[in-house]
> 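I'd like to ask some things about the structure below.
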Number of protein chains: 2
Amino acid sequence: MATIKDIARLSGYSIGTVSRVINHHPDVSEKARKAIEAVIASENYKPNSNAVQLKNTGYSPVTVVVKGSRNVFFESILEDMQKVFRENGEEVSVAFLDEDANEVEAAIQLCVQRRPKGLIFLGGNLNYFEESFGKIEVPAVLVTVDAEEMPFENLSSVTTDDTKGARDAIEYLVSQGHERIGIIGGSLDTDLGQISDFRLSGALEVFNRQKMNFDLDRDFEPSKFSLESGYEAARRLLKKAPDITAIFAIGDMIALGAIRGIVDSGKKVPDDISVMGYDGIEYTRYAVPRIATVRQDIHELAVRSVEDLLWRLSYHRVAQHFIIDHEIIPGESVKNIREEK
Amino acid sequence: MATIKDIARLSGYSIGTVSRVINHHPDVSEKARKAIEAVIASENYKPNSNAVQLKNTGYSPVTVVVKGSRNVFFESILEDMQKVFRENGEEVSVAFLDEDANEVEAAIQLCVQRRPKGLIFLGGNLNYFEESFGKIEVPAVLVTVDAEEMPFENLSSVTTDDTKGARDAIEYLVSQGHERIGIIGGSLDTDLGQISDFRLSGALEVFNRQKMNFDLDRDFEPSKFSLESGYEAARRLLKKAPDITAIFAIGDMIALGAIRGIVDSGKKVPDDISVMGYDGIEYTRYAVPRIATVRQDIHELAVRSVEDLLWRLSYHRVAQHFIIDHEIIPGESVKNIREEK
DNA sequence: AACATTACCGTAAACGTTTACAGTTACAAT
DNA sequence: ATTGTAACTGTAAACGTTTACGGTAATGTT
C-alpha cells in the first residue's frame with residue numbers, strides 16, 4: 001500500500017508538497033500539482049484515514065447510533081445517510097443498540113474510545129439526553145425526537161411532529177366513523193421522552209378534546225416496535241376491549257404484528273377491526289390489505305440530519321431543530337363505517 | 001480527553017508501562033498494575049483507536065460491505081454481527097452498496113483508503129470476486145454465497161445451500177400437488193454468480209429431473225430483491241402464464257410484493273395461486289396468509305462469519321467454507337391441491 | 001547593483017499509541 | 001564485596017499524516 005512517502009519519492013517532491021496537493025492548499029506550482037496528481041492516480045493512492053484523523057483532530061468519522069429494532073424503518077434511512085456522507089467525502093460508522101439501551105451513555109463510551117467528530121442518534125429517549133448529554137461535546141443530531149426544549153448548544157434535531165401526527169391519525173379514524181378506538185404502542189411508565197410517548201399523548205389529546213370514550217386501562221396496550229410485540233398486544237387488547245372498531249398502532253411494524261393478532265383472534269381487518277399504522281414504511285403499500293398510516297418523509301429526514309451535521313462541522317453553525325412534514329395515507333386497512341349507521 | 005501521557009503522569013509511571021498494563025503484557029509489577037488501573041478507571045480513559053490502529057497495523061476495524069436492498073433480511077444480521085464483534089472488543093464499520101454495484105471494486109477502494117483489517121461481504125456476485133478479489137489482501141468472508149470454488153486463500157464463506165434450498169422448495173410445492181409452477185427472481189443474463197442464480201438453477205433442476213412443464217420464457221420473470229420488483233414481476237407472470245397454480249419467489253421480499261401483485265390481478269392467495277418465499281424473514285410468520293418459505297438460520301450465519309473472521313485475524317487460521325442448514329417452513333400461502341383432483 | 005517581494009518547496013515537530021531495547025533495581029549466590 | 005539474574009521500568013523510534021516555519025530562487029523595484 002502506497003504511503004505519502006512513496007508518492008513523494010516517485011514524484012520527486014517532498015511529502016509536504018504532496019500533502020499540499022492532496023489538501024488543495026494554494027502554495028503549489030501548477031507543474032508540481034500535475035506531476036504529483038499523476039503519481040497519485042497511477043499508484044491509486046488514498047491517504048490513510050487513521051493517520052489523517054489522528055493528526056487532524058484526533059477524531060474519527062461521524063458515528064450513527066441506531067437505537068431499537070425499528071430497523072425496517074431505519075434501514076433505508078441508513079442507506080440514504082451513507083449516500084449523503086459519501087457525496088461529501090465523509091465516512092460514517094454505525095453502532096447498533098438495543099431498544100432499551102441508554103443511547104447517551106453508550107455514546108459517551110463511544111466518544112472516549114473513538115472520538116467521533118460528530119454523532120447522529122437514530123431514535124432516542126429525551127430523558128437520557130437530559131441526564132447525560134451534557135457530557136458530550138461533539139456536534140450531534142437527534143433524529144425522530146424533537147430536542148427543541150433541551151438546553152444543549154450542540155444538539156440539533158430532525159423530526160416529524162409525532163404528537164400532531166398521532167392526532168391526525170386519530171382524527172382520520174374518527175372521520176371514518178370510528179368512536180371506540182384502541183391504541184397499541186409505547187408505555188406509560190416512563191416520562192415523556194421517546195417517540196412512542198409523543199404519539200401516545202397526541203392520540204390521548206384527541207380523545208380528551210372530543211370527550212370520547214377511552215380508558216387507558218382498557219383501551220391501551222403497551223408495545224415495543226416489533227412484530228411480535230404488536231401481535232401480543234393486539235390479542236390482549238381485543239380481549240380487554242372487544243367493542244373497539246379500530247386500532248391505532250403507533251408504528252407500522254406494530255400494526256403488521258397486530259393485524260396477524262387480530263386475524264388469529266378470529267376477526268377480520270378491516271371488516272371487524274380497522275388498523276392504522278405510523279411511519280410509512282414501504283411495505284404498508286404492498287400489504288394485503290394496504291395499511292393506512294402516517295407517512296414520514298424518510299429520505300428528507302436522512303438528508304436533513306446529515307446535511308445539518310456537516311454544515312455545523314464545517315462552518316461551526318449553530319444547532320437547529322427541523323420539523324419534517326407528515327402525511328396521512330389512507331389505506332384498505334381502515335374501513336369507513338360512517339354510512340353503516 | 002485523557003491520553004496515555006496523562007495516565008502516565010497521574011500514575012507516576014511511564015507511558016511504556018501504562019501501555020503494557022492496557023495490553024495485558026506480563027512485565028508489570030502488581031503494584032504498578034493496580035495503580036495504573038486505578039488512574040485509568042478514574043479518568044475514564046480509553047486508548048484512542050486511531051492511534052492504536054495507526055501504530056499497530058495501519059489498519060482500521062473490520063468493515064461489513066452490505067450489498068443490495070435485501071435489507072430486511074440483512075438488518076438483523078448486522079445487529080447480530082455487531083454484537084459478536086463487540087463481545088470480542090472489536091469495532092465494525094458498515095458500507096452500504098446498491099444492489100447492482102460491484103462490491104469487490106468498492107471494497108478495493110475502501111481498502112486503499114481505510115485499510116480495514118478484514119472484510120465481510122453481505123451478499124455478492126461471484127463473478128466480481130473472480131475478476132478482482134485477487135487484489136484484496138486482507139482476510140474476508142463472503143456471506144450468503146459459496147466461495148468454495150474460488151481460488152482465494154483469504155476468502156471464507158458462510159452460506160446456505162441455495163441450490164438445494166430451491167430444490168427443496170420446488171419439491172415441497174410439487175408434494176402439495178402443484179405441477180405448473182412459476183418462478184420470480186434473479187435474472188438470466190449474468191453468469192452463475194449470485195444467490196439468485198443459484199436458487200433459480202436449483203429450481204430448474206427439479207423441473208428438468210421431473211420432466212415438468214416449464215418454459216423459461218413463459219413461466220419465469222426476473223426480479224430484484226424488492227417489494228416493487230416482486231410486485232411487477234408477479235403481474236407480468238400472471239399475464240404470460242395464467243395457468244400456473246403456484247409461484248416460487250426466490251426471496252421473501254419478492255414474495256411479499258408478488259402477493260400484492262396477485263391480489264391486484266384479481267386472484268387470491270392461496271386459493272388461486274400459492275406462493276412460496278425464500279429467506280425466512282421474521283415477517284413471513286406474521287403475514288396474512290403466513291408465508292411458506294425456506295428459512296435460513298440468520299443468527300447462525302452472522303455468528304459463524306464473524307467468528308471465522310476473528311479467528312483468522314487472531315490465529316492466522318486458514319479460510320473455511322461453512323454451509324448452514326436451511327429448513328422448509330410450510331405456511332398458509334401454499335395450498336395443498338392434491339386431494340382436489 | 002542592491003534589496004524586497006513573491007512563489008514555491010522542504011524540514012521537522014506533532015498527533016497518541018506500541019514495542020524493542022536498554023537501563024535500573026533488588027536480591028541471591030558466590 | 002562482587003557478580004549474576006530476575007523483575008521490572010523508562011526511552012525512543014516508528015506508524016502516516018498535516019502544517020508552521022524557514023529557506024531558496026526568481027522576479028520586481030529602486
Side-chain angles (χ1 to χ4, degrees), chain A residues 1-37 39-40 43-61 89-91 111-117 138, chain B residues 1-37 39-40 43-61 89-91 110-117 138 314:
Chain A
M1 293 282 125
T3 72
I4 199 172
K5 277 187 204 151
D6 300 317
I7 305 302
R9 189 168 35 77
L10 259 28
S11 66
Y13 288 89
S14 75
I15 58 172
T17 306
V18 175
S19 177
R20 274 183 290 260
V21 169
I22 295 168
N23 298 299
H24 303 101
H25 282 248
D27 287 350
V28 179
S29 68
E30 202 55 29
K31 181 163 154 254
R33 159 163 288 119
K34 284 274 164 58
I36 290 171
E37 276 171 351
V39 178
I40 288 179
E43 292 298 298
N44 201 345
Y45 166 79
K46 289 276 167 57
N48 176 316
S49 45
N50 282 314
V52 174
Q53 282 150 18
L54 175 58
K55 187 70 237 297
N56 268 353
T57 46
Y59 288 156
S60 320
E90 287 280 341
E91 304 175 20
C111 281
V112 295
Q113 188 154 180
R114 298 164 64 167
R115 329 272 154 108
K117 59 179 148 189
V138 294
Chain B
M1 292 281 126
T3 72
I4 199 173
K5 277 186 204 152
D6 300 318
I7 305 302
R9 189 169 36 78
L10 259 31
S11 67
Y13 287 89
S14 74
I15 59 172
T17 306
V18 174
S19 177
R20 274 183 288 263
V21 169
I22 295 167
N23 299 299
H24 303 101
H25 283 248
D27 287 350
V28 178
S29 69
E30 201 55 29
K31 181 163 153 257
R33 158 163 289 119
K34 284 274 164 56
I36 289 171
E37 275 170 351
V39 178
I40 287 180
E43 292 297 297
N44 201 345
Y45 165 79
K46 289 275 168 56
N48 175 315
S49 46
N50 282 315
V52 174
Q53 283 150 17
L54 176 59
K55 186 72 240 294
N56 267 354
T57 47
Y59 288 156
S60 320
E90 288 280 341
E91 303 174 20
L110 217 138
C111 281
V112 296
Q113 186 152 185
R114 298 164 63 167
R115 329 274 154 106
K117 58 179 150 191
V138 294
S314 308

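Every chain is numbered from 1 and lettered A, B, ... according to where its sequence line falls, protein lines coming before strand lines.
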> Has the side chain of Lys55(B) got a donor or acceptor that lies under 3.5 Å from a partner of the other kind on the base of dT17(C)?
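Absent.
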> Of the nucleotides dT9(D), dT17(C), dC21(D), which has the atom closest to the Pro47(B) side chain?
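The answer is dT17(C).
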> Counting heavy atoms from C-beta on, name the nucleotide in dC9(C), dG16(D), dT17(C) closest to the side chain of Ala51(A).
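Given the options dC9(C), dG16(D), dT17(C), the side chain of Ala51(A) is closest to dG16(D).
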> Just compare dT17(D), dC8(C), dG10(D) and give me whichever is closest to any side-chain atom of Asp27(A).
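From the listed options, dC8(C) comes nearest.
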> So which atom in Glu43(B) and which in Leu10(B) form the shortest heavy-atom distance, rounded to 0.1 Å?
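Nearest pair, atom of Glu43(B) first, then Leu10(B): CD-CD2, 3.7 Å.
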> Determine yes or no for a side-chain-to-main-chain donor-acceptor pair under 3.5 angstrom, with Ser19(B) supplying the side chain and Ile15(B) the backbone.
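Not at all, since once roles are kept as given, no pair shorter than 3.5 Å links the two residues.
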> Would you say a side-chain N or O of Asn23(A) is under 4.0 Å from OP1 or OP2 of dT18(D)?
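Affirmative; the distance criterion is met.
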> The side chain of Ile15(B) lies closest to which of these nucleotides: dC15(D), dA12(D), dG16(C)?
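So the nucleotide nearest the side chain must be dA12(D).
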> Please classify the nucleic acid contact of Ser19(B) as base, sugar-phosphate, or nothing, using heavy-atom distances under 4.0 Å.
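Answer is base: heavy atoms of Ser19(B) come under 4.0 Å of a base.
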> When you measure from the side-chain N and O atoms of Lys5(A) to the phosphate of dC15(D), is any distance below 4.0 Å, counting only OP1 and OP2?
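Checking Lys5(A) against dC15(D): at least one side-chain N or O falls below 4.0 Å of OP1 or OP2.
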> Just compare dT19(C), dG10(C), dT18(D) and give me whichever is closest to any side-chain atom of Thr17(A).
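It is dG10(C).
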> Out of dT17(C), dC15(C), dT9(D), which nucleotide sits closest to the side chain of Tyr13(B)?
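Given the options dT17(C), dC15(C), dT9(D), the side chain of Tyr13(B) is closest to dT9(D).
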> Within a strict 4.5 Å, meaning less than it, do heavy atoms of the Ile40(A) and Ile36(A) side chains meet?
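Ile40(A) reaches Ile36(A) side chain to side chain.
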> Backbone N or O of Tyr13(B) within a donor-acceptor pair of the Thr17(B) side chain at under 3.5 Å?
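Judged by distance alone, no pair lies under 3.5 Å.
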> I need the minimum non-hydrogen distance between Val18(B) and Ser11(B), along with the two atoms involved.
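Nearest pair, atom of Val18(B) first, then Ser11(B): CG2-OG, 4.3 Å.
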> Nearest of dC21(C), dT19(D), dC15(C) to any side-chain atom of Leu54(A)?
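Closest nucleotide to the Leu54(A) side chain: dC15(C).
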> Is the backbone of His25(A) close enough, under 3.5 Å, to the side chain of Asn23(A) for a donor and an acceptor to pair up by distance?
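No: the side chain of Asn23(A) does not pair with the backbone of His25(A).
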> Exactly one of Val39(A), Asp6(A), Ile22(A) should register a side-chain contact (heavy atoms from CB on, under 4.5 Å) with Tyr45(A). Which one does?
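Only one of Val39(A), Asp6(A), Ile22(A) forms a side-chain contact (heavy atoms from CB on, under 4.5 Å) with Tyr45(A), namely Ile22(A).
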> Could you state the atom-to-atom distance from CD of Gln53(B) to P of dT17(C) in whole Å?
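Value for this atom pair: 12 Å.
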> Please round to 10 degrees the angle between the axis of the first five pairs and the axis of the last five pairs in the helix from dA1(C)-dT30(D) to dT30(C)-dA1(D).
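End-to-end axis angle: 70°.
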> If you compare every side-chain N and O of Ser14(B) against the phosphate oxygens of dG10(D) (OP1, OP2), does one of them come in below 4.0 Å?
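Yes, Ser14(B) has a side-chain N/O under 4.0 Å of OP1/OP2 on dG10(D).
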> Could you pick out which residue, Tyr45(B) or Arg20(B), lies toward the 5' side of DNA chain C when each is mapped onto its nearest nucleotide?
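So the residue in question is Tyr45(B).
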> Calculate the interatomic distance between Ile22(A) atom CD1 and dC9(C) atom P; express it in whole Å.
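In whole Å, dC9(C) P and Ile22(A) CD1 are 15 Å from each other.
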